[in-house]
Amino acid sequence: MPSGFNYPSSRRLRRHGPVGYANYTSYRPWLRDEFTFRCLYCLNREQWGRVQGMFDLDHFTPQCIEPEKREDYDNLVYACHSCNLTKGDQKCPDPSSVLTSDQVIVHADGALEALTQEAERLIRILDLDDEECRAWRRIMIRIIELAEERDQELDKQLMGFPDDLPDLSRLRPPGGNTRPDGIRESYFEVRRYGELPATY
Ligand SMILES: [Zn+2]
C-alpha cells in the first residue's frame, strides 16, 4: 500500500467511551483521537491541509433515521467534509469493519480495488473511487513519495501526528466514560510516555 493510504489490518474496536454531552460537537476531541486525526473513509489527514472546516463529525446512522442516536458517541465517526457530504443521509456498511487492508487495495495510481461486496458497496456510496478522488489520492501519494525521498522534515509533517493532541484525561463527560482504560492509549498520553512514533 502506498504510504498514507494504509487501511487498518483488522476491525477497529473503540478505545474511548465518553457519555452524556448535550451537544454532539463536544465529542470532537475524543473522535479526533479515536480515528487518529484522519477521515475514517478516505484517510485524508488533518496534517494534509487546513483543519478548520475540513473535518466533520459524521452520524454513521443518519440522524433522520435514528434521531435518538444523535448524541451517541458510538454512532459518531471522524470524517472529512467531502466524505460526510457525499454520504449524506445514506446508510452504508460499517467502515470500521469493511475498510480494512484485507478488503481494500489502494493502488499507486490512486485507484481502489474492493475485494468484498460490502467494501465495493461502501466505496460506491462514498464515491471513494471516482475520478476526482482517484486524482486527489494520486497527487497525495506522489507528494508523500517525494517527501520521503527528498525532504525528511516535510515527510514528518505529512505523516506525523498534529502538535495539538487532545488531553482527554482533563475532560469530564457528563455521563462518565465507559472505556476509561482508553485514556492511557490516547496519543497525548502515549506522547507523554515518550512512545509516540514520528510517523503513522
Ligand atoms: Zn474523507
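Read the numbers this way: they start at 1 and go in the same order the structure lists the ligands and their atoms.
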Residues that Asp109 engages under side-chain hydrogen bond (donor to acceptor under 3.5 Å, both in side chains), provided they are two or more places apart
none

Side-chain donor-acceptor pair present, Tyr78, Glu46, cut-off under 3.5 Å:
yes

Sorted by chain and number, sequence neighbours left out, ring pair (Phe, Tyr, Trp, His ring centres under 6.0 Å) with Phe161 holds for Tyr187, Tyr200

Can you name the residues that form a side-chain hydrogen bond (donor to acceptor under 3.5 Å, both in side chains) with Arg192, not counting sequence neighbours?
Glu189

Atoms of the protein (N/O/S only) found under 2.8 Å from the Zn ion (ligand 1):
Cys39 SG, Cys42 SG, Cys80 SG, Cys83 SG

Face-on cation placement of Arg184 at Tyr193 ring, 6.0 Å and 45° thresholds
yes

Are the side chains of Leu128 and Cys83 in contact, using a 4.5 Å heavy-atom criterion?
yes

